[in-house]
> 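Submitted below is the structure of interest, expressed as structure tokens.
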Amino acid sequence: MNPFLSLAITILVLLVILFVVSYVLNKRTPVPKGCEQIKISDEFCLNCTNTDCKIHEKLDLKKIKEELASKEEEE
């Protein structure tokens, strides 16, 4: 077997192991004190400037703006 192929396979396996370990450690990390009750709100997302956010991409911003405008008109 080619020594470069075995080196490539070893590096790939190590990267997969590193990913799995970091993923498990991230899932086991407790939420910091004071952040337990934080929830993402539509209003907060409208003011956010991070356009690469996956949550921001899933929101229907036009619909949310219309709902907020109608709520403000009712009040």
Side-chain angles (χ1 to χ4, degrees):
M1 187 180 335
N2 189 350
F4 292 114
L5 181 61
S6 62
L7 177 64
I9 291 172
T10 304
I11 290 173
L12 184 63
V13 168
L14 289 173
L15 288 174
V16 169
I17 290 171
L18 179 67
F19 172 76
V20 170
V21 168
S22 64
Y23 181 80
V24 169
L25 289 175
N26 186 38
K27 284 293 187 183
R28 290 185 179 179
T29 303
V31 177
K33 291 182 181 179
C35 297
E36 296 90 0
Q37 302 300 324
I38 294 178
K39 293 185 181 179
I40 299 170
S41 69
D42 296 339
E43 293 175 5
F44 179 76
C45 284
L46 288 175
N47 296 326
C48 180
T49 58
N50 183 3
T51 57
D52 295 330
C53 176
K54 298 298 177 191
I55 297 169
H56 192 78
E57 290 176 0
K58 292 179 183 178
L59 292 176
D60 185 5
L61 297 179
K62 290 180 183 177
K63 181 180 176 184
I64 294 169
K65 286 179 183 178
E66 291 171 1
E67 288 175 2
L68 291 174
S70 65
K71 285 181 184 177
E72 288 177 1
E73 290 175 1
E74 290 175 0
E75 294 174 356

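Values in this document were obtained by computation on a predicted structure and should not be read as measured data. The chain is numbered in sequence order, starting from 1.
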> Do you know which of Val16, Leu18, Thr10 makes side-chain contact (heavy atoms from CB on, under 4.5 Å) with Leu14?
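Among the candidates, only Thr10 passes.
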> For Leu15, enumerate each residue passing the side chain to side chain contact (heavy atoms under 4.5 Å, CB included) test, keeping only those at least two apart in sequence or located in another chain.
Ile11
> Is it the case that one hydrophobic cluster holds both Leu12 and Phe4, taking links as side-chain heavy atoms less than 4.5 Å apart, direct or via other members?
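Different hydrophobic clusters.
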> Grouping I, L, V, M, F, W and Y whenever their side-chain heavy atoms are under 4.5 Å apart, do Val21 and Val13 come out in a common cluster?
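Same cluster: Val21 reaches Val13 through Ile, Leu, Val, Met, Phe, Trp or Tyr contacts under 4.5 Å.
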